[in-house]
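Step one of this worksheet: look at the structure below.
Below, read A as the first sequence line, B as the second, and so on, with proteins coming before strands; counting in each chain starts at 1.
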Amino acid sequence: MVTIRLHNTLTRKKEVFEPLDASDVRMYVCGPTVYDRAHLGNARPVLVFDVLFRLLRHVYGEGAVTYARNFTDVDDKINARAAETGREIGEITEETIAWYHQDMDALGALRPTHEPRATAYIAQMIAMIERLIARGHAYEVAGHVLFDVRSYPAYGRLSGRSVDDMIAGARVEVAPFKRDPMDFVLWKPSDASLPGWESPWGRGRPGWHIECSAMSHELLGASFDIHGGGLDLQFPHHENEIAQSCCAFPDAGFARYWLHNEMVQVEGKKMSKSLGNFFTVRDLLDQGWPGEVIRFVMLSTHYRKPMDWTEIKAQDADTRLSKWQELIRECGGEEMETDPQVVADLSDDLNTPGAIKALQDLYSKKDAASLRNSCHLLGIDLLSFKPRSALLQERRSDSIATLLKDLKRRVSEVRGEALAKKDFAEMDKLKTRLTDAGIEVRMSKADVQLVPGPNFDPTKLEALK
RNA sequence: GGCGGGUUGGCGGAGAGGUUACGCAGCGGAUUGCAAAUCCGUGUAGACCGGUUCGAUUCCGGUACCCGCCUCCA
């Protein structure tokens, strides 16, 4: 059995991964709030934990891993979006979930075993809140139910902070009815304009954190193996989840290994709407970037380091994947074992850059079969991969396709004459114009190829008709 | 203010206390009418200052700079 090591945020150390039950390895990852298209940052945990999911399935068996990732479909951001647009909340969340599936499918992410929606687990949340009140960890005041952080001495363990330090930071919500400024909401009242559910504390809706505690408990049990998400969730979201779950079920231990991926940047800067470098996965796909390229770029940086998205990395990935694909097309190859080095690298705290290096070595050795099969562990299917140039070409209209075909024939003719006469003036003129239009002209002894590049501009071909 | 991370060659980005990371770009060569593509070869590192060591880019301490979280955020 391969030994997997994972960096556990709880201990700040790389630890040997030992599942509670090797026949049912359980992982929970925090999913999106569904009010808008997934941006590039949303994609990172999806891809990181998709690789972990694949690795766990590889090591423990496909049927031995349960992976749950939630949809937060009750949230004030969604309410705000509904109020802005006048649309129904359910309509917005349904649409956004469908988009999310489309976009993440395009990145090659496997669907998790469970994709629970918060609104389907309100009863479980209410039950957990009642349990917390009964055990003296939560209190009702002014129509709210709040978690009492002072009742849980270990609060702050995950994020390495103390309640007193955080209060010194003094960036906590002002709410006079809180016993302690750090207390957080489990349940809050809804007026008639807001979505709400009947509860022992009146009509209301859950606070943000309780859903993950309730759903992980329902689907994976009171204790399970891995809990993951973005680093920004470490505090307060995960800290609060731990407080809720461990106080409701003190002997269970909740999640044992906590994994956090670092943030995404764009061209060296934090992605933000004000900087104008904010974009969604759909934007990139629409620009013709293959899902595999987005995935490759993401995985070329280790998950615990900030990942900087740059155009040059995307181009590089596109080129490398194209080369790998050419090799497996030429050589074919039978089913092979996944390369042990790739497994070893991924088992070492998901060292995806190392795994990519190992794949590159397979390419250099011309080991097409191993390359193809080992790519699957990273979620890349080289057989179905289409480079950006091919995707862009597919989208071109028939008239342009015909024009390119005609031009190709013409280049062949002109070249034939030029070679016969040893006069290349006409040929060079034609080639220059094609190059100016963004077309790469490749000539071998046997054949001519016209490859439209990213700067391809069909309007510049008009003169050549 | 609190907590955490980073600083590697032109760019991206790893592992390893002493032996080529890898990719892209560059350079030289093969090939080509010229190119492109491809193939072969190749130079350039480890923020700064100390310490441990026979030996550190790799371990420890400090300095500088950068970044993230602490507020909805993956």
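Between A:Cys30 and A:His227, the closest side-chain pair of non-hydrogen atoms falls below 4.5 Å. Side-chain atoms of A:Ile78 and A:Arg81, non-hydrogen and from C-beta on, never get closer than 4.5 Å to each other.
Comparing B:U53 with B:U58, their C1' atoms sit 13 Å apart, to the nearest whole Å. The gap from the P atom of B:C72 to that of B:G2 amounts to 22 Å, rounded to the nearest Å. Only the C1' atoms considered, B:C60 is 33 Å distant from B:G23, to the nearest whole Å. For the C1' atoms, the distance linking B:U20 with B:U52 amounts to 29 Å, nearest Å. For B:C66 and B:G29, the C1' atoms lie 42 Å apart once the distance is rounded to whole Å. Taking atom P in both B:C48 and B:A64, the straight-line distance is 16 Å, to the nearest Å. B:G9 and B:C22 have their C1' atoms separated by 13 Å, given to the nearest Å. Rounded to whole Å, the separation between the P atoms of B:C40 and B:G4 comes to 48 Å.
Close placement of the A:Phe224 and A:Phe254 rings is indicated, their centers lying within 6.0 Å of each other.
In terms of position along RNA chain B, the nucleotide closest to A:Ile356 lies nearer the 5' end than the nucleotide closest to the other residue of the pair A:Gly31 and A:Ile356. Toward the 5′ end of RNA chain B lies the nearest nucleotide of A:Asp361, the other residue of the pair A:Asp361 and A:Leu419 mapping further downstream.
Atoms OH (A:Tyr155) and P (B:C3) sit 16 Å apart, rounded to a whole Å. Rounding to whole angstrom units, NZ of residue A:Lys431 and P of B:U32 are separated by 15 Å. The distance from atom CH2 of A:Trp309 to atom P of B:A74 is 19 Å, rounded to the nearest whole Å. One atom, CG of A:Leu450, and another, P of B:A35, lie 19 Å apart when rounded to the nearest Å. Rounded to whole angstrom, the span from the CG atom of A:Asn261 across to the P atom of B:G5 amounts to 16 Å. For the pair A:Leu158 CG and B:C69 C1', the computed distance is 12 Å after rounding to whole Å. Regarding A:Asp103, its CG atom lies at a distance of 15 Å from the C1' atom of B:A74, rounded to whole Å. Rounded to an integer number of Å, the gap from A:Phe296 CZ to B:C24 C1' is 11 Å.
Closest to the side chain of A:Lys323, from the set B:C24, B:C39, B:C73, is B:C24. Candidate nucleotides B:G33, B:A37, B:G68 were compared by shortest atom distance to the side chain of A:Met427, and B:G33 ranks first. Residue A:Met263 has its side chain nearest to B:A74 when only B:G33, B:A36, B:A74 are considered. Out of B:C22, B:A74, B:A37, the shortest distance to the side chain of A:Arg442 is found at B:A37. Nearest to the side chain of A:Glu440, among B:A36, B:C39, B:C22, sits B:A36. Closest to the side chain of A:Thr33, out of B:G23, B:A74, B:C70, is B:A74. Distance from the side chain of A:Lys77 is smallest for B:C72 among the nucleotides B:U38, B:G33, B:C72.
A:His376 and A:Asn373 form no side-chain donor-acceptor contact under 3.5 Å, judged by distance and modelled atom types alone. Of the N and O atoms on the side chains of A:Asp191 and A:Ser193, at least one donor lies less than 3.5 Å from an acceptor on the other residue.
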At under 4.0 Å between heavy atoms, how does the protein contact nucleotides 12-17 of chain B? Give one character per nucleotide, 5' to 3', with B, S or -.
SSSS--
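In this structure, the separation between CD1 on A:Ile122 and CH2 on A:Trp187 is 5.5 Å, given to the nearest 0.5 Å. Taking OG of A:Ser322 as the reference point, atom CD of A:Glu292 lies at 10.0 Å (rounded to 0.5 Å).
Pair check for B:C3 finds B:G68; Watson-Crick or G-U wobble, both atom distances under 3.5 Å. Both distances falling under 3.5 Å, in either a Watson-Crick or a G-U wobble arrangement, place B:A47 opposite B:U63. The partner of B:G17, taking Watson-Crick or G-U wobble pairs whose two distances both stay under 3.5 Å, does not exist in any strand shown. Partner assigned to B:C24 is B:G10, using Watson-Crick or G-U wobble distances below 3.5 angstrom. Pairing partner, B:U38: B:A30, with both Watson-Crick or wobble hydrogen-bond distances short of 3.5 Å.
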May I have the step-by-step check of side-chain contact (heavy atoms from CB on, under 4.5 Å) for A:Val48 and A:Thr352, ending in yes or no?
CA-CA 9 Å; A:Val48 165; A:Thr352 49; over 6 Å; no
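Here A:Gln449 lies out of heavy-atom contact (under 4.0 Å) with every strand. No engagement by A:Arg304 is indicated, since no non-hydrogen atom pair under 4.0 Å with the nucleic acid exists. Contact annotation for A:Val46: no contact, since no heavy-atom pair falls under 4.0 Å across all strands.
For the side-chain hydrogen bond (donor to acceptor under 3.5 Å, both in side chains) with A:Asp50, the lone residue among A:Arg111, A:Arg69, A:Arg295 that qualifies is A:Arg295.
Judged by atom type and distance alone, A:His39 reaches the base of B:A74 through a side-chain donor-acceptor pair under 3.5 Å.
Between the side chain of A:Arg44 and the backbone N or O of A:Met263, at least one donor-acceptor pair lies under 3.5 Å.
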